[in-house]
Protein chains: 2
Amino acid sequence: MSSNDTARPVGIKQVAAHAGVSPGTVSNVLNRPERVADGTRERVERAIVELGFVRNGSASTLRAGHSSTIGLMVLDLANPFFTEVARGVEDVASERGYAVILASSGESDEREQRNLRVLAEQRVRGVLLTPVGDEGENADRLRDRDVPVVLLDHPTPRANQCSVAVDDVAGGELAAAELLAGGARTIAFVTGPPGLRQCADRRKGALRALKAAGLGRDALREVPVAAMNARAGQEAAARLLDGPPPDAVFCANDLLALGVLRVLLQAGMRVPEDVALIGYDDIDFSAAAAVPLSSVRQPTYRLGRIATELLLEECDDAGGHAHQQVMFQPELVVRESSRRAPGSAR
Amino acid sequence: MSSNDTARPVGIKQVAAHAGVSPGTVSNVLNRPERVADGTRERVERAIVELGFVRNGSASTLRAGHSSTIGLMVLDLANPFFTEVARGVEDVASERGYAVILASSGESDEREQRNLRVLAEQRVRGVLLTPVGDEGENADRLRDRDVPVVLLDHPTPRANQCSVAVDDVAGGELAAAELLAGGARTIAFVTGPPGLRQCADRRKGALRALKAAGLGRDALREVPVAAMNARAGQEAAARLLDGPPPDAVFCANDLLALGVLRVLLQAGMRVPEDVALIGYDDIDFSAAAAVPLSSVRQPTYRLGRIATELLLEECDDAGGHAHQQVMFQPELVVRESSRRAPGSAR
DNA sequence: ATCGGGGCTTGACACGTTTTAATCGATGTC
DNA sequence: GACATCGATTAAAACGTGTCAAGCCCCGAT
């Protein structure tokens, strides 16, 4: 049996004793191996594996003042958009020897605040944050503690922080323009809480497209939902079918669109012939939907990678770091849910 | 401006000074508020908010020997099955005042090992683990360090640990039996690495169903794939279409099935008329697929909840804790992708 | 032979919190 | 009025690591 009844906390001291050196040397082997002679280092390394030593991160962090861990807080872990972002983050972080603590605010400001507090207690080196609110006071609180914060999927006009985002106004315009090009004159916009910047911006873009097409704001019927998932989409569609159906539906993300699509088809409507539909994010599942979903694609994985690179740059070299605001452009992906069959346009 | 140039680490001492008490009292306010007089407590609490004090988790952990954090390691964060499990975990953990560190092994043993090491360094209180390998040596290493481990979505015959799982053999049997009932005589099984217990068990169940139907093992054509996602499913389907198509396809999870479905339809095959299809996990998207996907449903959220409850019970009361092996039964969900139109059965 | 210097190693302290035992003051008892 | 009791508070000692100044040893230069 390998288990041991007597709790035997094996620390740097035990390793030192076992290798016949001082604790300081073991610490050097761990942190600045080049400073220690080859023979000694090998001896220490052998002792480490023989005793199964695992460095106590709390002690390191306590002494160093910060850990080699970054926090990633997203709006919704169940959204493939964010898991793809997380993949980019994880890849860069692990390349650079950082661990990632993943957390989700569930679009709740209170949960965001609570989770950020946990991250602050853990003394993470930095934080990638997709803020729920627009102002990012929570981010400010962290920065006051000298914890670098990079805003993720959220632009900022302020020069005191980095941000990486995709132009959601442009994306909303692309989406609505596509629907209008298909012949739609009235569009329903299924959208999450208006406090969410992503939703607000996409709406703004849609209005811009309407205006360009010579239509007024009243051509856009807003259908607010409480969450940004498929279930909420279904509920929205049900409400939508209460009144006269619009020509087209623009959903603030693909999860909503998939839910809407499902209810529309169940209700016997044809997509796109009766109602055109477009989503946002271009998640994997969209292409495999009952009617392949048109959508707006974002450089998701790169979003995560670049945000992490900016954050780590700021962590490793707080002095020489110049804050950057990166903005990507989205891309329209037309599939079957938005294009009306030729000739069926009004 | 709220930022402060001079780094001013505000610790328990500063709070104590500001409130006119000793550091020990501040600690008591934080950890055993009932032991301190009302007046004093209020004074300290005021000082805490005034100074914006945030407890240093590293120091607590160092002193206590463990943190109030648990680790959750899943196979694939991009799989909705696991994000749903994670939701259950998060809910219970936060109810009980624990934070969750989320990590993903990506089905790689090496990444599992590396991530578990990070968790060990962080001195997490316990770990929920969906192991990549079958034996769980990595779990043993943790348990040797007195870190409780609960196996998640993985049964164990060993009595020295808790586990929470769903009967995948039964699930595989349900799935294959459904396909056979639809008239299929040959079934392709699209499956991930055979080292993955989930895949192996589902295969075993499928074989059992074949046997019950009087068919031999050769009625099951295995199509191995490298990963368990939609892309891999597409590749598998492409290979599948090289030879004579089987009557039906059983995919080891829904992501694979969605990928397969997409390619089948693109190739002009009708589902289920030409080829029947069934997946596993019953993720949200399956119901909204081009052809609504039959699948095998698991009590995903409860899986996460119960595993976490077991883990925290073991953490809080290591002595009086009796290890349990919980096994849920899966449930067949029949939609359109598996049932042949009446009369089209051979 | 002495000195200087460079490469390795060591010793000791500090990080911020928790905890234990001791202290203090007040209240109640004999 | 002395003493025990009890509650509230404090002082001090850990926890395991990183760091830094100081020490050691050996070698080459003078």
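These numbers come from a predicted model, not from an experiment. Proteins get letters first, then strands, A, B, ... in listed order; numbering begins at 1 in each.
- To the nearest angstrom, C1' of C:dT17 lies 12 Å from CD of A:E121.
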What does the list of N/O pairs under 3.5 Å between the protein and nucleotides 7-11 of chain D look like, with a distance for each?
from, atom 1, to, atom 2, distance (Å)
D:dT9, OP1, B:T40, OG1, 2.3
D:dT9, OP2, B:A37, N, 3.0
D:dT10, OP2, B:S22, N, 2.9
D:dT10, OP2, B:S22, OG, 3.2
D:dT10, OP2, B:T25, OG1, 2.6

Exercise for the section: Evaluate the side-chain contact (heavy atoms from CB on, under 4.5 Å) criterion for residues A:Q324 and A:L310: first the C-alpha distance (whole Å), next the side-chain angles of each, then the deciding distance (0.1 Å), finally the verdict. Expected result: CA-CA 8 Å; A:Q324 293 180 43; A:L310 286 176; 3.9 Å; yes

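- The CZ atom of A:R32 sits 13 Å away from the C1' atom of C:dT10 (whole-angstrom rounding).
- Each of A:L152, A:L116, A:V150 was compared with A:L129 under the side chain to side chain contact (heavy atoms under 4.5 Å, CB included) criterion, and only A:L116 meets it.
- Remark: the B:Y98 side chain and the B:R125 side chain contain an N/O donor-acceptor pair separated by less than 3.5 Å.
- A donor-acceptor pair shorter than 3.5 Å can be found between the side chains of A:T156 and A:Q161.
- In this structure, A:N115 contributes its side chain and A:S104 its backbone to a donor-acceptor pair below 3.5 Å.
- The CZ-C1' distance, from B:R123 to C:dT17, rounds to 17 Å in whole Å.
- Under a cut-off of 6.0 angstrom, the local environment of CZ in B:R35 is sparse, with at most 12 non-hydrogen atoms contributed by other residues, nucleotides or ligands.
- With respect to A:R117 and A:E112, no salt bridge is recorded, no charged nitrogen being found less than 4.0 Å from a carboxylate O.
- Near DNA chain C, meaning a heavy atom under 4.0 Å from it, residues 52-66 of chain A has A:L62, A:R63 in order of number.
- For the residue pair A:H321 / A:E313, a side-chain donor-acceptor distance below 3.5 Å is found, with atom types taken as modelled.
- Atom NZ in A:K13 sits roughly 13 Å away from atom P in D:dG18 (whole-Å rounding).
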